[in-house]
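This report refers to the structure that appears directly beneath it.
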Amino acid sequence: AQSVTQLDSQVPVFEEAPVELRCNYSSSVSVYLFWYVQYPNQGLQLLLKYLSGSTLVKGINGFEAEFNKSQTSFHLRKPSVHISDTAEYFCAVTFFSNTGKLIFGQGTTLQVKP
Amino acid sequence: EAGVAQSPRYKIIEKRQSVAFWCNPISGHATLYWYQQILGQGPKLLIQFQNNGVVDDSQLPKDRFSAERLKGVDSTLKIQPAKLEDSAVYLCASSVVGTAIYEQYFGPGTRLTVT
């Protein structure tokens, strides 16, 4: 069965420091990968996606992620975080199909401290 | 363009009562999803519509949950009767069909508290 694991439930970091949020997936078939962000009391917003091509994907708000097929990982990175990046981040996968069904990880809370 | 609209934003009910949530997707989006997000967990797909047909409802507890999408536009999710474990945020999302189906746009959600 396909699954997504986010390895850290909470990541505290100081403002302007770099951050990495980790995501691993399990699948016997090829996948598409996504990172979503959820600010308090809001819906989810797409940060970036990997469908094919370059394994380094750049998204909004200065975030990027690297797809590593051999390690089945899709870690999210930002070289310098801001207070406004404090939010919940979700990794998600979908499988080569025409339904678009997403399977989400448990989420990682990024806490940016001044 | 206007985003996905949901109402109400908050609802508190007692167990065994019924409740309904409404979603209006982005104009032109044929695919509509309902997710359940329990506190501390990622969203879980309950049901997916394409136009007014059901694509996937494998994780919908059909003994108490129902959903419809009349005329292929807005949708209603109902719970009857509610249980304590139904306390969650119910998210609606929409997308186009074709290669962009994977880019889902989410509404703000309805936070349900069952007491």
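Lettering follows sequence order; numbering is per chain, from 1. This one's a predicted model, so the numbers in the text were calculated from it and none came from an experiment.
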Chain A contact via B:T110 - which portion, at a heavy-atom distance below 4.5 Å: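 Interface part for B:T110: neither.
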Separation of B:D56 CG from A:K101 NZ (nearest 0.5 Å): 4.5 Å
Within 6.0 Å of CG in A:L56, more than 12 heavy atoms from elsewhere: yes
Backbone N/O of A:N41 and side chain of B:R9: donor-acceptor pair under 3.5 Å: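 Present.
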Please tell me whether [X] and [Y] are part of a single hydrophobic cluster in this structure, the criterion being side-chain heavy atoms less than 4.5 Å apart.
| X | Y | value |
| --- | --- | --- |
| B:Y33 | B:L77 | no |
| B:L112 | B:L91 | no |
| B:F49 | B:V55 | no |
| A:Y39 | A:W35 | yes |

Contact check, side chains of A:Y36 and B:Q104, non-hydrogen atoms, under 4.5 Å: yes
Chain B contact via A:E88 - side chain, backbone, both or neither, heavy atoms under 4.5 Å: neither
Under 4.5 Å from any heavy atom of chain B - which part of A:L44: both
Close contacts, residues 34-42 of chain B versus chain A, judged by heavy atoms under 4.5 Å: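 At a heavy-atom separation under 4.5 Å, chain A is reached by B:Y35, B:Q37, B:G40, B:Q41, B:G42.
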Residues 102-114 of chain A: residues contacting chain B (heavy atom under 4.5 Å, by number):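 Against chain B, the residues of residues 102-114 of chain A that fall inside the cut-off (heavy atoms, under 4.5 Å) are A:L102, A:F104, A:G105, A:Q106.
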